[in-house]
Asks: 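Take this structure first; my questions come after.
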Amino acid sequence: MIRVLVQSSAIEVAAEFDLHDAGGHGASASFIGRVRGDHGLAELFLEHHPVMTEAGLGNLAHAAADRWKLSALTLIHRIGAMAPGETIVLVLASSAHRAEALAACEFLIDRLKTDVMLWKRESFTDGRVAWVEEREGDQSRAERWESDIP
Amino acid sequence: MIRVLVQSSAIEVAAEFDLHDAGGHGASASFIGRVRGDHGLAELFLEHHPVMTEAGLGNLAHAAADRWKLSALTLIHRIGAMAPGETIVLVLASSAHRAEALAACEFLIDRLKTDVMLWKRESFTDGRVAWVEEREGDQSRAERWESDIP
Amino acid sequence: MALNIAYFSWVRERMGVADETVDVPAGVGDVGALIAWLAARDARGALAFAEPQRIRAAIDGVMMGPDAPLSGARELALFPPVTGG
Amino acid sequence: MALNIAYFSWVRERMGVADETVDVPAGVGDVGALIAWLAARDARGALAFAEPQRIRAAIDGVMMGPDAPLSGARELALFPPVTGG
């Protein structure tokens, strides 16, 4: 089962785990990314290009599922306004064996950072508002997988 | 918070996630290993050396928490008799950033396979019972981390 | 030629609209020329496209460079590098 | 010298006990010699320790090779390579 969602409502992690696990899998690896409240952050806003984000996530999901023979994959990205502590992204990959589940999870979270058409805007408690600049590290982590572009 | 358990009762994954997340973390990586029902497996039995298993898990947990500056770590291993689909092991590592959480999770699951004093016995539906032989792959995956032995 | 343009992130904020339909003048044939034309059109465009090297473009959902021709395009999206995920 | 020995996995099954206290004979000074003595002691020991190269040992919770001396040991654990995790 491949489940890919881009949603403005809260990501219900426990419910997504339950849904994903319905089949029972040998190994499941997950990644949960949350809004950090560093530096006085009050709100994170994620803007997206709907068509490109959906296509990007769908392509990533199918590439990972094929390559690592996943028995299930859940890939959910939050958009819109979020408070510190809220979940931005959930990746949950299952396979018969641990190496495949772990590799797929890591691939997806690295590639998500660069392949999905999303822009972050941060609002701080002191009233400052700023769009996040591109980070060098994201690009180089994603390039580790470059030869695997679907 | 470092939580290390060796238990014969079922691992309550959702409750462990809740407990782990109480603080709120930037990034959480998890691994769940379950009993696979391949080849007519009816029961998996895990025998352990209590003192050595507890020491081994504790050392691994503290080594990972220090190295990757984890904000929380949950490491739970089931022992005793289990049915297919039941959870054998849960690793849940949180950090401010994704790379650390993912690396810690992978390190722990690889090293668990060789550092913990556990022996697996499989009982099959046809009545056959056999102790599992050591696997080459486990040794080589764990050796990737060799220079990091605490 | 009529073209739908969508703006995202701070490009959208500086342009003051999320999307618009423009009548592309004759002689504006590719993405780079269109960005230059928008920058010259008014103060909002001058602000949004002051640094064209920071702008990325997609035509009908596919990333394109400044030399990509506009002919046949339904939607042009203009935005800064992504910072998502 | 009295020594507690704990057996695990198929070593335990073949020995028929999980642990025992043995009186180590004079001349049996290290782990390898003790394994050889157990193999010679009775049929269960002969079965459990037929292939000594497959046996791993720990003294008081620390993995040890066959040359490790037994003096000062409280518990010797004997078992096959782990297959856990």
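Residue numbers begin at 1 in each chain, while the letters A, B, ... track the order of the sequences.
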Asks: Restricting to side-chain hydrogen bond (donor to acceptor under 3.5 Å, both in side chains), what partner residues turn up for Arg14(D), sequence neighbours left out?
Replies: none
Asks: May I ask you to check whether Ser94(B) and His20(B) show a side-chain donor-acceptor distance below 3.5 Å?
Replies: yes
Asks: Examine whether an atom of Val51(B) lies under 4.5 Å from a heavy atom of chain D, and if so say whether it belongs to the side chain, the backbone or both; otherwise answer neither.
Replies: neither
Asks: Can you tell me which of Arg78(B), Met117(B), His48(B), Arg121(B) forms the most heavy-atom pairs within a distance under 4.5 Å of chain D?
Replies: Met117(B)
Asks: Output all residues satisfying side-chain hydrogen bond (donor to acceptor under 3.5 Å, both in side chains) with Glu20(D), sequence neighbours left out; order by chain, then residue number.
Replies: Tyr7(D), Arg41(D)
Asks: Looking at Glu86(B) and Arg34(B), does any basic side-chain N land under 4.0 Å from a carboxylate oxygen?
Replies: no
Asks: Measuring heavy-atom distances to chain D, does Met52(B) have an atom under 4.5 Å in its side chain, in its backbone, in both, or in neither?
Replies: side chain
